[in-house]
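Please read the structure below before turning to the comments.
Quick note on labels: first sequence line is chain A, next is B, and so on, each numbered from 1. Heavy atoms only: backbone and side chains are in, while hydrogens, waters and symmetry mates are out.
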There are 2 protein chains.
Amino acid sequence: MGRKSEARKKIIDTARELFWKNGYGATGVAQILSHAGIGSGSFYWFFKSKEDLLVAVLEQYLELLDSMIAAPAFKKSTDPIERIFLILEGYRQILEEYDFQLGCPIGNIALELGDKYENVREMTIKNFENWRNMIKKCLHDASNSFPPNTDFDAMTVFILTTMEGAMMQARAHKDISYFDDSIVQLRVYFNSLLTKKEFDS
Amino acid sequence: MGRKSEARKKIIDTARELFWKNGYGATGVAQILSHAGIGSGSFYWFFKSKEDLLVAVLEQYLELLDSMIAAPAFKKSTDPIERIFLILEGYRQILEEYDFQLGCPIGNIALELGDKYENVREMTIKNFENWRNMIKKCLHDASNSFPPNTDFDAMTVFILTTMEGAMMQARAHKDISYFDDSIVQLRVYFNSLLTKKEFDS
DNA sequence: CATTTACTTTATTGATCGTTCAAGAAAGGA
DNA sequence: TCCTTTCTTGAACGATCAATAAAGTAAATG
């Protein structure tokens with residue numbers, strides 16, 4: 001590899017791809033290295049363990065959220081509520097584009113590893129927080145469309161809940177309608193709050 | 001083991017427990033057998049592979065749903081909508097009782113294995129269908145509390161979506177409030193439909 | 001009693017797991 | 001030029017993986 005450590009990045013990128021598609025446990029270090037064209041000696045120069053690599057992958061996801069998820073959605077609309085549903089549509093596209101082989105990479109790790117490694121769990125929490133902050137900003141921008149007593153934190157949790165549950169079912173059934181049905185019901189939930197505001201004001 | 005195959009059941013029970021707590025991939029056949037006190041020769045007499053065992057475990061979950069999930073909830077109330085939320089409370093108890101180490105066993109498998117084994121995917125689908133049928137019956141019993149155009153199938157999917165997403169987040173954070181927040185929002189969703197009915201009638 | 005069927009026991013297979021190690025190559029600074 | 005730092009190479013390690021083979025036991029069947 002090149003003289004200023006493209007190798008480390010190459011390993012992370014390859015691992016991210018394979019962890020996402022096949023899971024952490026099912027992806028061997030040897031498999032990552034053969035895909036990346038790098039020897040095991042180099043790997044353990046950059047990372048002290050496979051677990052350490054997973055943490056690096058999860059750190060990268062923190063940085064990727066804006067460019068890969070938020071920016072594409074925000075470009076399509078300026079309306080804060082519409083932006084939320086455009087973000088969800090981005091995940092819908094992932095399901096369809098990769099024929100339901102890919103879900104939410106964070107959710108996958110969260111369920112697979114649980115609390116087996118504390119530093120991994122910390123990173124999944126940070127990723128969830130990062131995601132929810134993205135949503136919370138949108139809700140804040142639309143805060144005067146909602147009743148004054150609205151619990152925006154709980155709402156944000158509920159949106160992530162819907163996304164994760166919707167992706168899980170669509171993936172299991174290999175049928176996008178399970179995703180779409182869930183999102184439609186989330187719209188129902190939203191609309192009930194928005195119209196309630198109209199009554200009050 | 002005894003003369004009429006308690007061994008097979010012992011293996012399934014042990015595997016169910018370990019798969020649930022540690023996942024399918026992270027649970028070794030040898031680990032299952034040492035917990036069950038059974039040799040590998042016996043194992044491969046009853047099952048042709050580890051994958052085959054997983055299918056048997058998922059078959060058992062189909063039978064266990066009534067006695068472990070539905071019955072305890074239905075005993076506490078006869079109101080169909082309250083029963084739905086009592087079922088969700090049952091999962092809440094699992095989270096707390098086992099200190100967030102256990103989630104939804106079907107959801108775990110669905111995300112871990114994806115579509116790696118077709119017969120496993122078929123069984124997870126059957127389990128999801130089984131679960132949704134339990135909910136759908138409740139909704140049917142309360143059908144005249146909802147507006148006439150209500151999409152009960154989509155509603156049912158949405159309830160499972162909420163359960164899965166809520167458990168995932170609570171488990172990742174080791175904090176029950178993520179579960180509770182999601183359920184409260186599901187109540188908001190329900191109430192908006194129920195009150196809408198009142199307006200219409 | 002003889003034979004078959006049902007199941008157990010344990011040793012062992014080859015593959016793959018994550019990880020280590022000793023040796024060296026390439027570049028920079030002195 | 002020589003030394004140091006940075007990174008690469010590839011073989012090897014012991015452990016564990018799912019799965020098999022072969023021999024043996026016990027009950028049922030005829």
Side-chain angles (χ1 to χ4, degrees), chain A residues 1-58 108-109 112-114 116-121 123, chain B residues 1-58 108-109 112-114 116-121 123:
Chain A
M1 279 295 136
R3 290 291 99 234
K4 50 182 169 107
S5 182
E6 323 156 352
R8 194 188 128 95
K9 188 170 188 304
K10 182 89 185 265
I11 293 171
I12 294 177
D13 289 340
T14 307
R16 173 164 49 85
E17 203 174 298
L18 292 172
F19 288 166
W20 194 1
K21 186 182 289 183
N22 304 322
Y24 174 77
T27 303
V29 173
Q31 185 187 359
I32 296 168
L33 297 181
S34 77
H35 269 75
I38 287 171
S40 70
S42 288
F43 175 80
Y44 286 96
W45 172 260
F46 294 110
F47 306 96
K48 65 182 231 291
S49 66
K50 185 188 178 188
E51 179 190 341
D52 197 45
L53 168 61
L54 175 57
V55 172
V57 166
L58 290 171
N108 292 354
I109 293 297
E112 180 182 352
L113 279 330
K116 203 175 301 187
Y117 312 109
E118 254 309 298
N119 47 354
V120 170
R121 196 176 72 92
M123 288 306 303
Chain B
M1 279 293 136
R3 292 291 99 231
K4 49 180 170 109
S5 181
E6 324 156 353
R8 195 188 127 96
K9 188 170 188 305
K10 182 89 185 267
I11 292 171
I12 293 176
D13 288 340
T14 309
R16 174 166 49 85
E17 203 174 298
L18 292 173
F19 288 165
W20 195 2
K21 186 182 288 183
N22 304 322
Y24 174 77
T27 304
V29 173
Q31 185 187 358
I32 296 168
L33 298 180
S34 78
H35 269 75
I38 287 171
S40 72
S42 289
F43 175 80
Y44 286 98
W45 172 260
F46 294 111
F47 305 95
K48 65 182 231 290
S49 66
K50 184 187 177 188
E51 179 190 340
D52 196 45
L53 169 61
L54 176 56
V55 171
V57 167
L58 290 171
N108 292 354
I109 293 297
E112 180 182 352
L113 279 329
K116 203 175 304 187
Y117 312 109
E118 253 308 298
N119 48 353
V120 171
R121 196 176 72 91
M123 287 307 303

Between P on C/dA25 and CH2 on A/W45, what's the gap in Å once rounded to a whole number?
17 Å
Check: protein-nucleotides 17-19 of chain C nitrogen or oxygen pairs below 3.5 Å:
unit_1, atom_1, unit_2, atom_2, d
C/dG18, OP1, A/K50, NZ, 2.8
C/dG18, OP2, A/V29, N, 2.9
C/dT19, OP2, A/Y44, OH, 3.0
C/dT19, OP2, A/K50, N, 2.8
C/dT19, O5', A/Y44, OH, 3.4

Return the value, rounded to whole Å, for the distance between atom CZ of A/F46 and atom P of D/dT9.
11 Å
Salt bridge (charged side-chain N to carboxylate O under 4.0 Å, His left out) contacts in which one or both residues fall within residues 15-44 of chain A, not counting sequence neighbours
A/D13-A/R16
What is the distance, rounded to the nearest whole Å, between atom CD of A/E6 and atom C1' of D/dT8?
13 Å
Within this structure, what is the CZ-to-P distance between B/F47 and C/dC7, rounded to whole angstrom?
12 Å
In chain order, what residues pass the salt bridge (charged side-chain N to carboxylate O under 4.0 Å, His left out) check against B/R121, with sequence neighbours excluded?
B/E118
With sequence neighbours left out, which residue pairs that include part of residues 43-56 of chain B fulfil the side chain to side chain donor-acceptor pair (under 3.5 Å) condition?
B/E51-B/N119
Those residues that, when tested against B/F19, pass ring pair (Phe, Tyr, Trp, His ring centres under 6.0 Å) (two or more places apart)
B/Y24
CD1 of B/I38 versus P of D/dA18: gap in Å, rounded?
16 Å
Separation of C/dC7 P from B/I11 CD1 (nearest whole Å)
11 Å
Would you give me the side-chain donor-acceptor pairs under 3.5 Å for residues 25-40 of chain B, sequence neighbours excluded?
unit_1, atom_1, unit_2, atom_2, d
B/T27, OG1, B/L18, O, 3.3
B/T27, OG1, B/G23, O, 2.6
B/Q31, OE1, B/G28, N, 3.4
B/S34, OG, B/Q31, O, 3.2
B/H35, ND1, B/Q31, O, 3.1

Got a second to check how far B/L113's CG is from B/M123's CE, nearest 0.5 Å?
13.0 Å
